[in-house]
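Below: one structure, written as structure tokens.
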Amino acid sequence: MTSKQQGVLRPSICRFRLGEFEVTSILDGVAQRDNLHPLFGENETAEAVQALAQANRLPPDKFEHPFVPALVDTGSELILFDTGNGQARRGAGVGNLRPLLGEAGYSPEDVDIVVITHGHPDHIGGLLEDGEAAFPSARHVFGEREFKAWVENQNIPDARNENREMFMNVAAPFGNQATFVNPDDEVLPGIRAVNAYGHSPGLLAYMIESEGKNLLLWSDVTNHYGVSLQKPEWHAFHDDDKDMAVATRKRILDMATTDGLWVHGYHMPFPSVGFVEKSHDGYRWIPASYQLNL
Ligand SMILES: [Zn+2]
């Protein structure tokens, strides 16, 4: 018999209810990378990071980094949170948000609002398709502080020079007609911005509430489900302001735990929905199972 092996197959679309809202996670793709350290635990020894990986039954020398935009259908509006890596990186196994939209039951024209949590490439990469607005009917929403930081090149580390060029090409052109929000502002009733500054100058998380159910979409407050939660004080290479990112991580993890919030995390394992519990001197990620379907 010839082999029927076809390689890895991953779930890439998942929809659940949140009160009257529907939330769909779409896997834009997965990057496989070498060595958690020094990307995670930059201010720790490689041995300490490897030991933590092993304690979580994770290999010490390789890891996966998923990218998971979310769609929220309020019943009257369809809101996309972040646009994935986009066309430029589609050949590299990421940038699949757009091809998967149809399978999830939507067309790009269905999206009423695009919310960009921050200006890093894996979040803004899908704003354009063939040089045109990828979601042509949508109003675009940016954090005011974040947008200003990129356009004025304030508090952007030199390591992000290429990222800045990309921001100016794909995101800045939306500035004329965009809506700008600040912490505590509402995008729509039930969708409110939350200060999450640190990973980038003006990163915004979003609290999504419907019929007493609360989901905190925390974007890149954490970037690894084990390391960032169990050791929130460890520095991460991708955090632009390390100290502010640590303080924000601790504040948001504490809030998610204390208030028993559902969480959607852009780099948490697909479908990137779960909740958080205190554990040892840090926190633990608990993936959702069926709770939100009942
Ligand atoms: Zn990211």
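In listed order, ligands and their atoms are each counted from 1.
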### Task
Determine, using the 4.5 Å side-chain heavy-atom cutoff (strictly less than), whether F67 and L71 are members of one ILVMFWY cluster.
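No, because F67 and L71 fall into different hydrophobic clusters, even though each may have its own neighbours under 4.5 Å.
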
### Message
Distance alone, cut at 3.5 Å: any donor-acceptor contact between the side chains of Q50 and D61?
### Response
no

### Query
Can you give the angle H267 NE2 - the Zn ion (ligand 1) - H123 NE2, rounded to 10°?
120°

### Summary
Of all N, O or S atoms in D122, the one closest to the Zn ion (ligand 1) is OD2

### Message
Can you tell me which N/O/S atom of D220 has the shortest distance to the Zn ion (ligand 1)?
### Response
OD2

### Query
Do the two ring centres, one from H267 and one from H65, sit under 6.0 Å apart?
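Between H267 and H65, the centre distance is under 6.0 Å.
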
### Query
Any chance the rings of Y225 and W285 have centres within less than 6.0 Å?
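Y225 vs W285: aromatic centres not under 6.0 Å.
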
### Message
Which residue in the set Y266, Y206, W218 passes ring-ring contact (aromatic ring centres under 6.0 Å, His included) when paired with F81?
### Response
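The single option meeting the ring-ring contact (aromatic ring centres under 6.0 Å, His included) with F81 is Y206.
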
### Message
Between H120 and the Zn ion (ligand 1), is there a contact where an N/O/S atom of the residue lies under 2.8 Å from the metal?
### Response
no

### Query
Is there an N/O/S atom in H199 at a distance below 2.8 Å from the Zn ion (ligand 1)?
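Not a single backbone or side-chain N, O or S atom of H199 is under 2.8 Å from the Zn ion (ligand 1).
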
